[in-house]
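For the numbers below, each heavy atom of this structure counts, side chains included, while hydrogens, waters and symmetry mates do not.
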Amino acid sequence: MLTTTMLLVAALLAGTAGIFSNVAFNAFLPHLVSTEDLMEGNAKLQTSASVALVVGPGLGGLLAQAAGAVTGFLVDSVTFLVSAACLLGLRPEPEPRPSEGDRPGMPRQIAEGIRFIMRGRLLQAMLVVAAATNFAMLGITALRVIFLVRTEDAAPGTAGFVIGVGSLGGILGAALATRASRRFGSARTYLVANVAAAPFILLLPLGGHGWRLTLFAAGSFVALAGATISNVITMTFRGNFVPAHLLGRVTAASRIFVFGTIPLGATTAGLLASAVGIRAAMWALAVLYIITPLPLLATSARTLRDFPAKGTQDPAP
C-alpha cells in the first residue's frame, strides 16, 4: 500500500511541521529557563537530540535488516506520538499576548527578523557560515548510507552502527559546550568548534572496507562534536542577544536561510554522485565544509573572548 508518492508527501508534511517546531522551541526555551541557565538548557536539548541520532540509525539499520523498511517507518511514526505526549506535559506560565492591532502579519514579522540580522555583523556571519556548512553536511548526509552500503558493501546493520558511533560526537559536543565556553569563552570555543573540527570531515571519503570504516566513524564523531558545540553556542548567543519579542522572528528568518540549503545540498550531492561518482562527490562536499567556516576569522569573533549579551552593541570586525 505504501507508494513513493505517499512517502514523499509524508516527508514534506513532517519536514514542514518540524520547521515550525524548531522555530518555536528555540524561541520558547528562554521562557522556561533563566538567562544564566540558557546555555545549559540548549546543551541538554542538543544532548537528547544527539542521543537520538546515535540510537536512531542503529535501530533503523537493524529494523530494516530484520523486519524490512516499512516496519521501521511504522515504529518511527510511534516516536512522534511519544514526543507529542511529552510536550503536552509541559505547564509553562502563560505568555503575554499582544492585541490584534499590535500584531503584524507573518511576512512582516519575518522581515523584522531579517532586518535585525542584517544590522548585526556577527549574526550575519554566523548565519552565512551555518547555511553553507549545512549545505555541505546535508549533502554528505544524503550520500553516507549509499556510500557505506553500495560503495563499501556494508550490511544495513553495519552501516547503522558506523553512523551511530559517529553520532556519539554530538553527545560529547553537547556535554562539553557549556564547560568549554565558561573556561575559554563562548566566542573562542565557537571558532575552534567550527574551524578546527572541520578538517576531520575528510576522514569520511577516506573510509573503506574493514578497518577503514573506523575512519568514517572517527570523522563523523569529531565533525558532529564541533557542529553540536557550534549549535549550542549559536542558540545561546541568539537567545541572550536578541530581544525577547524578536527572538521567534529572528529564529524563523535564520531557519529560512539555514534550512533552505538542506534540499539544495541533498540535490547537489545526488547530481554530483551521478556525474562523478559517490566517493568523488563526498570529497567535493568535504572540501567545501572545511572552507566555509574560514570567513569567521575575519569577524570580531576572532578577537572576542565571549559573545555580547542583550542590550550591548554587536562589535565591528
**Q.** Hphob cluster co-occupancy, Leu148 + Leu204, side-chain heavy atoms under 4.5 angstrom
**A.** yes
(Q) Counting C-beta onward and ignoring hydrogens, is there a side-chain heavy-atom pair between Ile171 and Leu168 closer than 4.5 Å? (A) yes
Q) Between Leu12 and Leu8, is any pair of side-chain heavy atoms under 4.5 Å apart? A) no
Q: May I ask you to check whether Phe241 and Phe307 place their ring centers less than 6.0 Å from one another?
A: no
Q) Side chains of Pro308 and Leu122: closer than 4.5 Å at any heavy-atom pair? A) yes
Q) Does Thr261 reach the main-chain N or O of Ala132 with its side chain, forming a donor-acceptor pair under 3.5 Å? A) no
(Q) With heavy-atom distances below 4.5 Å as the criterion, would you say the side chains of Arg302 and Leu296 are in contact? (A) no
Q.
Using a 3.5 Å distance criterion without hydrogens, assess whether the side chain of Thr79 forms a donor-acceptor pair with backbone atoms of Asp76.
A. yes
Q | Check: Arg144 and Val162 side chains under 4.5 Å, non-hydrogen atoms | A | no
(Q) Can you confirm whether Phe184 sits close enough to Asp306 that some side-chain heavy atom of one is under 4.5 Å from a side-chain heavy atom of the other? (A) no
(Q) Can you classify the ring geometry of Phe147 versus Phe216 as parallel (below 30°), tilted (30 to 60°) or perpendicular (above 60°)? (A) parallel
Q.
What I'd like to find out is whether the side chain of Leu172 reaches to under 4.5 Å of the side chain of Phe221, using heavy atoms alone.
A. yes
Q. Does Val287 share a hydrophobic cluster with Val128, counting links as ILVMFWY side-chain heavy atoms below 4.5 Å and allowing steps through other members?
A. no
Q: Ignoring hydrogens and angles, tell me if any N or O in the side chain of Ser181 forms a donor-acceptor pair with the backbone of Thr178 under 3.5 Å.
A: no
(Q) Could you tell me if the side chain of Met126 sits less than 4.5 Å from the side chain of Tyr190, heavy atoms only? (A) yes
